[in-house]
There are 2 protein chains.
Amino acid sequence: MIDFDKIDKIIHEKGRLSIMTLLASRGSWNFQDMKDQLKMSDGNLITHLRSLQNAGYLNKKKELKGRKVTNYFLTSSGKKEFNKYLKILEQIVNQKEK
Amino acid sequence: MIDFDKIDKIIHEKGRLSIMTLLASRGSWNFQDMKDQLKMSDGNLITHLRSLQNAGYLNKKKELKGRKVTNYFLTSSGKKEFNKYLKILEQIVNQKEK
DNA sequence: ATTAAAACTTTGTAATACAAAGTAAATTAA
DNA sequence: TTAATTTACTTTGTATTACAAAGTTTTAAT
């Protein structure tokens, strides 16, 4: 049986799931690009980024070339937990075949 | 790009996702068996079942043999929407490979 | 008649997603 | 040099909702 209790609530929420998926697909994303890509409001995006950072799943680095830009990237813990999460998704997707 | 907006919020919530996955794995489940399997409280389970029923994703049938038992099963709309949802999960799971 | 079980309802709390508007610091345009 | 703009926030407020606990109703065993 799939253990639904193990679904990480922080990752599972729609907004944060999209952030985690973006960050997993590419090394790093800056605030503006994520905002455009995900069409979230500033306040909502930054709040989700903060929850993920508080969970230790991502970090940021300010880039000083030209305009101020903040880059976000997954920590190794973030990658690990996201992979765990993906394994549960896989089980859900594949369960019919069993 | 994965369209996260298309994630059905009714299905996506942890509790309801587990219900939908159960029902998709087998024709029907009664209230007690779901409760045991998912370890939810009566109130929580029935509330989620009601939301899913209000969305038209499942239905129930009272069984009259012996003790009263209520069986729950997916509607065709429920199956369809769940399959749509699974396709997005697949995209998330597979995106790294692209 | 009493007990017990199934399937609810009600009530209350705590969490949280989200938008909108405001702020501060840095950068560019005038 | 001053004004306008942009980035990355914070603050505030609303509305939704997950969840547990306890109570209710109906039916069926004993």
Side-chain angles (χ1 to χ4, degrees), chain A residues 3-23 28-74 85 88, chain B residues 3-23 28-74 85 88:
Chain A
D3 192 352
F4 294 96
D5 275 347
K6 282 190 187 146
I7 291 177
D8 185 330
K9 269 200 167 181
I10 293 169
I11 297 177
H12 190 60
E13 192 279 330
K14 207 171 165 172
R16 289 186 298 269
L17 176 56
S18 61
I19 293 172
M20 291 295 285
T21 307
L22 271 196
L23 291 179
S28 91
W29 286 76
N30 66 48
F31 190 86
Q32 289 303 316
D33 288 349
M34 294 189 91
K35 215 183 91 174
D36 292 344
Q37 188 67 240
L38 302 176
K39 279 158 199 150
M40 285 191 204
S41 66
D42 279 38
N44 196 24
L45 178 54
I46 204 121
T47 303
H48 283 318
L49 287 171
R50 193 165 42 217
S51 329
L52 290 168
Q53 192 176 9
N54 287 342
Y57 294 173
L58 61 79
N59 239 316
K60 58 191 169 185
K61 219 176 208 171
K62 308 222 176 196
E63 198 178 315
L64 299 170
K65 313 165 192 166
R67 274 221 168 275
K68 179 173 69 163
V69 164
T70 311
N71 291 305
Y72 292 85
F73 53 92
L74 293 184
Y85 176 81
I88 301 178
Chain B
D3 193 352
F4 294 96
D5 274 347
K6 282 189 187 147
I7 291 177
D8 185 329
K9 270 200 169 182
I10 292 167
I11 296 177
H12 190 59
E13 193 278 328
K14 206 170 164 172
R16 290 186 298 268
L17 175 57
S18 62
I19 293 171
M20 292 296 285
T21 307
L22 271 197
L23 291 179
S28 90
W29 286 76
N30 66 48
F31 190 85
Q32 289 303 316
D33 287 348
M34 295 189 91
K35 217 183 87 175
D36 293 344
Q37 188 67 242
L38 302 176
K39 280 157 199 153
M40 285 190 204
S41 65
D42 277 38
N44 196 23
L45 178 54
I46 204 120
T47 302
H48 284 316
L49 287 170
R50 193 163 43 215
S51 329
L52 290 168
Q53 192 175 9
N54 287 343
Y57 294 173
L58 61 79
N59 240 316
K60 59 191 170 185
K61 217 175 209 169
K62 309 223 177 197
E63 199 177 313
L64 299 170
K65 312 165 192 165
R67 274 224 169 273
K68 180 172 68 162
V69 163
T70 309
N71 291 305
Y72 292 86
F73 53 93
L74 293 185
Y85 176 81
I88 302 178

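- Remark: P of C/dA7 and CE of B/M34 are 12 Å apart, rounded to the nearest angstrom.
- Two residues, B/V69 and A/S51, neighbour DNA chain C, and the one matched to the more 5' nucleotide by heavy-atom proximity is B/V69.
- The separation between A/Q32 atom CD and D/dT6 atom C1' is 8 Å, rounded to whole Å.
- Less than 4.0 Å separates DNA chain C from at least one heavy atom of each of the following residues of residues 7-20 of chain A: A/E13, A/R16.
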Could I get a table of every N or O pair under 3.5 Å where one atom is in the protein and the other is in nucleotides 9-13 of chain C?
{"residue": "C/dT9", "atom": "OP2", "partner": "B/R50", "partner atom": "NH1", "Å": "2.2"}

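- Side-chain N/O atoms of B/H12 and B/D8 include no donor and acceptor closer than 3.5 Å.
- Between B/H48 atom NE2 and D/dT17 atom C1' the separation is 9 Å, expressed in whole Å.
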Check nucleotides 23-29 of chain C against the protein and report each pair of N or O atoms closer than 3.5 Å, with its distance, or say if there are none.
{"residue": "C/dT27", "atom": "O4'", "partner": "A/R67", "partner atom": "NH1", "Å": "3.4"}

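- Between D/dA8, C/dC8, D/dC19, one nucleotide has an atom nearer to the side chain of B/T70 than all others, and that is C/dC8.
- D/dT10 atom P lies 11 Å from atom CG of A/N54, rounded to whole Å.
- Within the 4.0 angstrom heavy-atom criterion, only backbone atoms of the sugar-phosphate kind lie near A/K60; the bases stay farther away.
- Using a 4.0 Å cut-off, no side-chain N or O of A/K61 falls inside it from OP1 or OP2 of D/dA8.
- Ring pair A/Y72/A/F31 is tilted by interplanar angle, where 30° to 60° counts as tilted.
- Nucleic acid contact class of B/S41 (heavy atoms, under 4.0 Å, all strands): base.
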